[in-house]
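Worksheet for the structure shown next.
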Amino acid sequence: MVADCVITNECALAVSADRMWKVSCSGEALLKACTDFFVAVNVEGDGGPGSVTTSTLSTAAAAASGGSFVRGRVVARDDAARVLRTEVLESGKVRNQLKFLVNEVKVEVAGDDACLAKFRVEYERIDGDGALAPEDQAVIVEGYLGILKAIEPYLVANPSEFA
């Protein structure tokens, strides 16, 4: 796969990189921390490369993304570097415009109880027409940022969880 287009963004979070990483890589933890986004998260596999995750979206998240679920496969997972790379197999209306969509999340230490979550989304449109429309790119960015921002208050309110 050669990426035709790339979207990058980052988010500073007031939780440790280790705790953020643990939640980011666990379907059970994501379901617990992101109740506004997910109503079910099913992981087939051990969470490593080849594992497939199907996340059923809440009504609000489904309305925002244009689909009721997201299904993705782990391409690479590096626990030491805290990098997770997944290929989105099925999702909402934006995915239907694309040959492929691969996302990568990296969680970096930014202090004792702080981290920087960086994400990168690579995609190629089916019609070969370059970048998605700005509003479709915003759906992708808002989805990732929204999940990260939902995890943060959960971890702050539950300091012993995923410690």
Side-chain angles (χ1 to χ4, degrees), residues 7-48 51-77 79 82-98 100-108 110 113-123 132-163:
I7 302 169
T8 60
N9 210 317
E10 59 186 44
C11 181
L13 301 160
V15 295
S16 75
D18 285 338
R19 292 180 71 214
M20 179 58 73
W21 177 249
K22 287 175 185 176
V23 174
S24 299
C25 294
S26 166
E28 182 180 318
L30 281 171
L31 183 58
K32 199 172 189 180
C34 300
T35 57
D36 288 344
F37 284 87
F38 306 118
V39 294
V41 177
N42 179 43
V43 179
E44 301 168 35
D46 63 3
S51 296
V52 174
T53 301
T54 303
S55 302
T56 305
L57 303 177
S58 69
T59 303
S65 73
S68 60
F69 69 96
V70 176
R71 188 165 181 259
R73 178 179 52 241
V74 175
V75 176
R77 178 176 166 176
D79 290 324
R82 293 185 205 90
V83 177
L84 180 66
R85 188 170 173 85
T86 58
E87 176 183 12
V88 177
L89 303 171
E90 298 177 64
S91 68
K93 69 175 184 134
V94 173
R95 178 63 180 101
N96 295 331
Q97 300 176 49
L98 307 174
F100 72 89
L101 173 70
V102 175
N103 63 67
E104 181 177 286
V105 176
K106 181 175 185 174
V107 180
E108 298 178 348
D113 287 318
C115 67
L116 185 63
K118 296 180 177 182
F119 67 87
R120 175 183 174 89
V121 179
E122 301 171 6
Y123 65 90
L132 289 167
E135 57 272 13
D136 289 335
Q137 289 185 43
V139 166
I140 293 170
V141 170
E142 289 168 13
Y144 289 116
L145 288 176
I147 291 168
L148 294 169
K149 286 297 194 178
I151 294 169
E152 180 183 35
Y154 178 83
L155 290 176
V156 168
N158 299 283
S160 63
E161 290 234 29
F162 309 105

Tell me, with the steps shown, if Glu108 and Lys106 meet salt bridge (charged side-chain N to carboxylate O under 4.0 Å, His left out). CA-CA 6 Å; Glu108 298 178 348; Lys106 181 175 185 174; 3.8 Å; yes

Evaluate the salt bridge (charged side-chain N to carboxylate O under 4.0 Å, His left out) criterion for residues Arg19 and Asp113: first the C-alpha distance (whole Å), next the side-chain angles of each, then the deciding distance (0.1 Å), finally the verdict. CA-CA 9 Å; Arg19 292 180 71 214; Asp113 287 318; 5.8 Å; no

Spacing of [X] atom [atom1] and [Y] atom [atom2] [to the nearest 0.5 Å]:
X: Arg120; Y: Ile7; atom1: CZ; atom2: CD1; answer: 11.0 Å
X: Ile140; Y: Leu98; atom1: CD1; atom2: CG; answer: 6.5 Å
X: Ser91; Y: Arg71; atom1: OG; atom2: CZ; answer: 12.0 Å
X: Glu87; Y: Glu122; atom1: CD; atom2: CD; answer: 11.0 Å
X: Asp46; Y: Arg77; atom1: CG; atom2: CZ; answer: 8.0 Å

With a 3.5 Å distance limit and no angle check, can you tell me whether [X] reaches the backbone of [Y] through a side-chain donor-acceptor pair?
X: Ser24; Y: Met20; result: yes
X: Gln137; Y: Leu132; result: yes
X: Glu152; Y: Ala14; result: yes
X: Arg73; Y: Leu89; result: no
X: Thr54; Y: Asn42; result: no

Is there a side-chain contact between Ile151 and Leu30 in this structure, where contact means two heavy atoms from C-beta onward sitting under 4.5 Å apart?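 Yes. Closest side-chain heavy atoms under 4.5 Å.
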
Heavy-atom check, side chain of Glu104 versus side chain of Val83, under 4.5 Å: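 Glu104 reaches Val83 side chain to side chain.
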
Candidates Val39, Leu31, Val41 - the one meeting side-chain contact (heavy atoms from CB on, under 4.5 Å) with Ser55: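 Only match with Ser55 under side-chain contact (heavy atoms from CB on, under 4.5 Å): Val41.
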
Given the rule in the side chain to side chain donor-acceptor pair (under 3.5 Å) test, do Asn9 and Tyr144 qualify, once you have shown the distances and angles that lead to the verdict? CA-CA 9 Å; Asn9 210 317; Tyr144 289 116; over 6 Å; no

Show your reasoning for whether side chain to side chain contact (heavy atoms under 4.5 Å, CB included) applies to Ile147 and Phe38. CA-CA 10 Å; Ile147 291 168; Phe38 306 118; 3.7 Å; yes

If you measure only the distance, is there a donor-acceptor pair under 3.5 Å linking the side chains of Tyr154 and Glu161?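 Short answer, yes.
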
